[in-house]
Undergrad: 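Quick one: the structure is below, questions incoming.
Note that the coordinates shown come from a computational prediction; the quantities given were computed from them, not determined experimentally.
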Amino acid sequence: MLDYVAKNYKHTISLDEIAQVVGFQVKYFCRFFKKHMGITFLEYQNEVRLSYIYSDLLNTDELISRILEKHGFNNYKLFMRMFKMRFGNTPLKIRKQQKMK
């Protein structure tokens, strides 16, 4: 299941899709995932995307909008809120701080 997400995170993986991949009913999958991972499947999916985005911010000079698009984030406002919550700053500020080091 985690391998499937790692290979397909760029598109939105529905609960139906991932439950079918592992052979569970959707409700059971949601409970199972939350119990074993400590977060919901959607939260996990977004964490995977954020980690790839963060890596690209630090290791490339690509435009932030292009990085988001490349990793499957379509909602910029939601992305900014999640990114700030996860990393404590905006993508641009993190990129600038990294370049100063």
Undergrad: Indicate yes or no: does Asp61 engage Lys99 in a salt bridge with an N to O separation below 4.0 Å.
TA: yes
Undergrad: Quick one, Ile18 with Met1, criterion side-chain contact (heavy atoms from CB on, under 4.5 Å). Give me CA distance, side-chain angles, the key distance, then yes/no.
TA: CA-CA 7 Å; Ile18 193 67; Met1 147 181 40; 4.3 Å; yes
Undergrad: Do you know which two heavy atoms are closest between His11 and Arg49, and how far apart they sit?
TA: O-NH2, 3.3 Å
Undergrad: Which pair of heavy atoms, one from Asp56 and one from Arg95, lies closest together, and at what distance?
TA: O-NH2, 3.8 Å
Undergrad: Tabulate below the donor-acceptor pairs under 3.5 Å that side-chain atoms of residues 22-30 make, not counting sequence neighbours, or state none.
TA:
none

Undergrad: Does Phe79 reach the side chain of Leu50, with side-chain heavy atoms less than 4.5 Å apart?
TA: yes
Undergrad: With side-chain contact (heavy atoms from CB on, under 4.5 Å) as the criterion, how do Leu15 and Leu42 come out once you've worked through the C-alpha distance, each side chain's angles and the decisive distance to 0.1 Å?
TA: CA-CA 9 Å; Leu15 289 173; Leu42 180 59; over 6 Å; no
Undergrad: So, taking the atom named CD in Glu69 and the one named CD in Glu62, what distance separates them when rounded to the nearest 0.5 Å?
TA: 10.0 Å
Undergrad: One pair to check against side-chain contact (heavy atoms from CB on, under 4.5 Å): Lys96 and Thr90. What are the steps and the verdict?
TA: CA-CA 10 Å; Lys96 284 181 182 178; Thr90 66; over 6 Å; no
Undergrad: Assess whether side-chain contact (heavy atoms from CB on, under 4.5 Å) is satisfied between Ile67 and Phe73, documenting all intermediate values.
TA: CA-CA 9 Å; Ile67 293 171; Phe73 251 108; over 6 Å; no
Undergrad: Is Gln20 atom CD crowded by more than 12 heavy atoms from other residues, nucleotides or ligands, each under 6.0 Å away?
TA: no
Undergrad: Please give me the minimum heavy-atom distance between Glu17 and Thr12, naming the atom from each residue.
TA: OE1-O, 4.0 Å
Undergrad: Of Phe33, Tyr9, Tyr4, which is the lone residue that meets ring-ring contact (aromatic ring centres under 6.0 Å, His included) with Tyr44?
TA: Phe33
Undergrad: Which residues pass the side-chain hydrogen bond (donor to acceptor under 3.5 Å, both in side chains) test with Asn59, not counting sequence neighbours?
TA: Ser55
Undergrad: Gln45 side chain to Ile13 main-chain N or O, any donor-acceptor pair under 3.5 Å?
TA: yes
Undergrad: Are Val48 and Val21 in one and the same hydrophobic cluster, where Ile, Leu, Val, Met, Phe, Trp and Tyr link if side-chain heavy atoms are under 4.5 Å apart?
TA: yes
Undergrad: Linking I/L/V/M/F/W/Y whenever any side-chain heavy atoms sit under 4.5 Å apart, do Leu92 and Met80 land together?
TA: yes
Undergrad: Nearest 0.5 angstrom please: Phe83 CZ to Ile64 CD1, how far?
TA: 8.0 Å
Undergrad: Evaluate the side-chain proximity of Gln97 to Asn89: yes if any heavy-atom separation is below 4.5 Å, no if none is.
TA: yes
Undergrad: So, do Met37 and Leu2 sit near enough that their side-chain heavy atoms are less than 4.5 Å apart?
TA: yes
Undergrad: Describe, in one word, how the ring planes of Tyr52 and His71 are oriented to each other, choosing from parallel (under 30°), tilted (30 to 60°) and perpendicular (over 60°).
TA: parallel
